[in-house]
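Working notes for the structure below.
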Amino acid sequence: MLNIRKAGLLFLAAIILSVGTIRADEGMWMLPLIQKLNSKKMTEMGFKLSAKDIYDINNSSLKDAVLHFGGGCTAEIISKDALVLTNHHCGFGTIQKLSTVDHDYLQNGYWAMNRDQELPAKGLSVIFLDRIEDVTKAVTEAMAAVTDPKAKDEALTKISDQLTAKAIGDNKFLRGRVVSFFGDNQYYMVITKTYNDIRFVGAPPASIGKFGGEADNWMWPRHTGDFSMFRIYADKDNNPAEYSKDNVAYKPKKFLTISLKGVNQNDPAMIIGYPGRTNRFMTSYEVKETSEITNAVTVLVRNVRQNIIWADMDADPKVRLQYASKYANSANSYKKSLGMNETFAKLKVYERRAAEEKIFSEWVAADPARVAKYGKALDDVKSAIEGRAKLLQISRYYMEALSSIELTTAATRFGPQVERAPREGRGGGPGGAGGRPFMMMSPADYYKDYNVTTDIKVAKALIKLFREKVPASDLPEFYKTIDANYQGNVDAYVDAMFAQSVFTSEEKLKAAQAGDKKAMESDLAYVAGRNISTAFMKYNRDLEQYRTQYANGQKLYIAGMLEMKAGQAIYPDANSTMRLTYGRVLNYSPKDGVIYDFVTTLDGVMQKEDPKNYEFEVPSKLKELYNAKDYGQYAMKDGRMPVDFLTNNDITGGNSGSPVLNGKGELIGTAFDGNWESMSSDIIFEPLLQRTISLDIRYTLFIMDKFGGAGYLLNEMKISK
Ligand code: ARG
């Protein structure tokens, strides 16, 4: 698919790389398959590790030092006493929860000066990978016996339970699940071990950990010190245990050696982590849907909501802390959607996918056996996507707009507790935007981060916006109340709802729970919340038939692509299982006439400093260290202090916090972002533009040691100079 434009870029790349034939490295590879698919290439590129050094189920290997952190991130063990390194934005929610306006660890940073000062992070857990096994044969055989499509899910659950029960045996610390790969064409069983007593050890202030804020997010050149540190605790037998004062630091099977040798252009670099979701087999129809429906709705609604929240955060430090995590999560996806749409257009992603589909269709048409097998694949995808357009659009508005109103969501969540004894599994539509799974939150946790006056403004704006965007026949019931009782005046309705509802504060909620079981039917927020979730579930049900049709088409399409490309090394889409990506340290050219260096330094932090802009403040202690050039053993050879660097590894959300390792498997950095020029990367890997942005480990240790005064932690690490 090398077209003229790309050929031009390739020529440019040859100049930048000046290393001739070496190409950039696409692929999120499964660890058990490295020997077969990647080892040869990796050795050629300068990696000194064997496949068994990376993944071995009988001996300790690198995979034992890599963790699935808090559900959505990656982290790594960097000391003999299970010190854990991840991104600041991965620890963000936990750090926020541990903070108060008087002890604001987000704002000021924190360092435990001994084990007693390590702060228990309730609700946080890390997951180790024990092993991953191909169970495609067992699963497909079990599924083949089932003809009724409705019984398929059940059959899958049954065979998964059987397989995992057998694998785990009587080991009560292990858990297992079966995961689909290549659009249900392959299945693997993942066996894991979870530790729950995790403690917060330290992090820089946001002015370092989140330096550049939303302005710099998803962009290079970058100067963010995006890291935080935790520690895993275990019982005296080194096994997982709930928090206890008697627990001790976990003794890891494997921890990473840290390299202070730094990075140079073209150095080999690999990343092991937990990429969440990619869609590398996405068709042109879905590209259009993602751009015109999913991303468009996200951008439109979040812009309105975020502006309201940001104004309140800016005006009040309490609100700033309360909404810090919700805002960051929302803003991160907002900017991702915006960038993705821009890049779709720039890189002609739709056209390129349409061209690939044409090649596929021609390949299918060339052979009657293929026609019989794959002939319907693309048609199924196309008609599912086109058939669901209107429904999907409405359901996205429900999700993004109405479900972002905190009061009605809280009413749906806590209402049943007031109305009658709590029930399990009461459906509640999609949870609040971002942050921890809302459905698991206690009222205390929930109301700690709730500001009623902000929510009133959000509710007014989003209820109006929803009415503008969604056909009258698809509005939830409560709009009739607005028209009948409030002459269509949304503001009056929202004011009445907030004045009257018991869900505006923890005190009122408690009082309602303690008093007579109130008739919830008179609580406007409860009623609206129910209307929203009922409607949302209806749209979800209506979408089901398209989901099935799409899944069938996609499964065939991917199966066909695998057959068409047989003999080539192909990796499955990311699905929150552990993957490896290998590549090199590499600069890039964002546009004609411009080359971006692969490294940034503290000089750039000073150049960006803006005391009047919250996102670009520089702490005075950092300025002192900068002025004195007091960098200790962490400086580069030329005396500058490195901050972030670029590699061409293939990562996505979920990889945040992943270890970046050199050719010997030593830790050189922590991955934390992607770059603006390749925001369509979940769909197409763009060799010349796609880069991973990582934090140099030398900056991490410099901040911990020289800035944070926690140099004592170096004693438990293994440093290679
Ligand atoms: N863009 C990063 C990612 O998705 C997250 C960065 C978080 N920082 C922020 N300013 N919101 O992996």
Side-chain angles (χ1 to χ4, degrees), residues 28 68-75 85-96 106-107 203-228 271 273-278 295 298-299 302-303 305-306 309-310 313-314 320-321 323-340 342-343 433-435 574 576 579 581 605 608 613-617 643-644 646-647 649-660 669-683 690-695:
M28 300 177 180
H68 206 173
F69 182 90
C73 279
T74 305
L85 174 64
T86 187
N87 290 153
H88 186 262
H89 78 262
C90 294
F92 203 82
T94 300
I95 302 171
Q96 185 217 6
L106 277 186
Q107 185 72 18
S207 53
I208 292 173
K210 203 181 151 89
F211 182 78
E214 303 312 325
D216 273 10
N217 189 20
W218 296 113
M219 302 233 170
W220 183 263
R222 188 66 156 277
H223 297 85
T224 311
D226 198 340
F227 82 96
S228 58
I271 293 177
Y274 281 93
R277 189 93 209 101
T278 54
N295 289 345
T298 300
V299 168
R302 290 192 184 209
N303 187 36
R305 179 168 163 268
Q306 286 171 195
I309 296 178
W310 180 254
M313 287 169 76
D314 206 27
R320 184 182 289 176
L321 180 58
Y323 282 76
S325 193
K326 293 181 221 185
Y327 185 85
N329 286 327
S330 177
N332 189 48
S333 323
Y334 163 80
K335 200 166 175 185
K336 180 173 181 175
S337 303
L338 200 70
M340 200 190 287
E342 197 179 297
T343 317
S576 294
R579 303 295 178 90
T581 152
V605 173
K608 282 181 180 172
N613 182 347
Y614 171 70
E615 299 192 315
F616 292 95
E617 284 169 4
V643 177
D644 295 333
L646 295 174
T647 61
N649 293 290
D650 188 2
I651 67 161
T652 187
N655 268 117
S656 284
S658 295
V660 188
T670 329
F672 72 92
D673 211 355
N675 60 328
W676 191 249
E677 294 78 10
S678 74
M679 292 297 283
S680 53
S681 64
D682 285 350
I683 289 97
Q690 184 161 335
R691 294 295 178 266
T692 290
I693 302 177
S694 299
L695 168 58

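First listed ligand is number 1; within each ligand, the first listed atom is number 1. Here, residue 1 is the first one in the sequence, and each next residue gets the next number.
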Mark yes or no: Lys210 above the aromatic ring of Phe92, with NZ or CZ under 6.0 Å from the six-membered ring centre and no more than 45 degrees from the axis. yes

Nearest protein heavy atom with distance in Å, relative to atom 6 (C) of ligand 1: Asn217 OD1, 3.2 Å

Atom 2 (C) of ligand 1: which protein heavy atom is closest, and how many Å away? Asp673 OD1, 3.2 Å

Does NZ or CZ of Arg320 lie under 6.0 Å from the centre of the six-membered ring of Tyr614, at an angle within 45° of the ring axis? yes

Please work out whether any backbone atom (N, CA, C, O) or any side-chain heavy atom from C-beta onward of Lys335 is under 4.0 Å from ligand 1, and answer side chain, backbone, both or neither. neither

Verify whether the ring centers belonging to His88 and Phe227 lie closer than 6.0 Å. no

In ligand 1, the atoms that come under 4.0 Å of a heavy atom of Lys210 are 9 (C), 10 (N), 11 (N)

Got the closest protein heavy atom to atom 12 (O) of ligand 1, with its distance? Ser656 OG, 3.1 Å

Counting heavy atoms only, name the option from Glu615, Glu214, His89, His88 that's nearest to atom 11 (N) of ligand 1. Glu214

Non-hydrogen atoms of Gly213 versus ligand 1: any pair closer than 4.0 Å? yes

Is a salt bridge present between Asp682 and Arg277, judged by a nitrogen-to-oxygen distance below 4.0 Å? no

heavy-atom search around atom 4 (O) of ligand 1 in the protein gives Asn332 ND2, 2.9 Å

Applying side-chain contact (heavy atoms from CB on, under 4.5 Å) between Asn87 and each of Ser656, Cys73, Ser228, report the one that passes. Ser656

Taking a cutoff of less than 4.0 Å between a non-hydrogen atom of the residue and any ligand atom, is Phe672 in contact with ligand 1? yes

Please verify whether a non-hydrogen atom of Ala328 lies at under 4.0 Å from ligand 1. yes

Partner set under side chain to side chain donor-acceptor pair (under 3.5 Å) for Glu617, not counting sequence neighbours: none

State, to 0.1 Å, how close Asp226 and Leu695 come at their nearest heavy-atom pair, and which atoms those are. N-CD2, 3.5 Å

